[in-house]
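Taking it in order: structure first as structure tokens, then the write-up.
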Amino acid sequence: WSVRTRAAVDCVTVLALIVFLAVILWGGIESTIYALEIGERSRTVWRPYMAPIKIVICMGVLLMLLQSLAFLIRDIATLRGNPIPEGRP
């Protein structure tokens, strides 16, 4: 594929990824709030609190969402004819 065709296809797939990650983040935030409110613990013998684990998972999903937005911006710039170089200049 040409660079512009690849960028157009990447825009569509990245948009699908952004929607997916947004839904995961929304559910994760609701689950984290619930875990904080009731002091949820794991069902194992160790019984650690679940809130810190869920907070870290939400942060990871948020970082993936930000990276996906960066890819979308790069692909849109490529489609407009102003490609953003990858890596350091």
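Residues: numbered from 1 along the sequence shown.
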Counterpart residues, side-chain contact (heavy atoms from CB on, under 4.5 Å), relative to [X] (two or more places apart):
| X | value |
| --- | --- |
| Ser42 | Thr44, Pro48, Met50 |
| Val3 | Arg6, Thr78 |
| Leu21 | Leu17, Val61, Met64, Leu65, Ser68 |

Any pair with a residue in residues 21-33 that passes side chain to side chain donor-acceptor pair (under 3.5 Å), sequence neighbours left out, goes on the list, sorted by first then second residue, please.
Trp26-Glu30, Ser31-Lys54

Hey, what else clusters with [X] if you join Ile, Leu, Val, Met, Phe, Trp, Tyr whenever side-chain heavy atoms sit under 4.5 Å?
| X | answer |
| --- | --- |
| Trp1 | Val9 |
| Ile55 | Met59 |
| Tyr34 | Ile38 |

Hydrophobic clustering (ILVMFWY, side-chain heavy atoms < 4.5 Å, transitive) - are Tyr49 and Ile33 grouped together?
no

Same hydrophobic cluster for Leu72 and Val19, using side-chain heavy-atom links shorter than 4.5 Å among ILVMFWY?
no

Name all pairs fulfilling the salt bridge (Lys or Arg N to Asp or Glu O under 4.0 Å) condition that reach into residues 56-76, sequence neighbours left out, sorted by first residue then second.
Arg74-Glu86

Residues in side chain to side chain donor-acceptor pair (under 3.5 Å) contact with [X], at least two apart in sequence or another chain:
| X | value |
| --- | --- |
| Thr13 | none |
| Glu37 | none |
| Arg4 | none |

Spatial distance of atom [atom1] ([X]) from atom [atom2] ([Y]) [nearest 0.5 Å]:
| X | Y | atom1 | atom2 | result |
| --- | --- | --- | --- | --- |
| Phe20 | Leu15 | CZ | CG | 15.0 Å |
| Ile76 | Cys11 | CD1 | SG | 5.0 Å |
| Leu25 | Leu63 | CG | CG | 10.5 Å |
| Leu79 | Thr5 | CG | OG1 | 9.0 Å |
| Ile53 | Cys58 | CD1 | SG | 12.0 Å |

Please name the pair of heavy atoms, one in Leu36 and one in Ala51, separated by the smallest distance, quoted to 0.1 Å.
CD2-CB, 3.5 Å

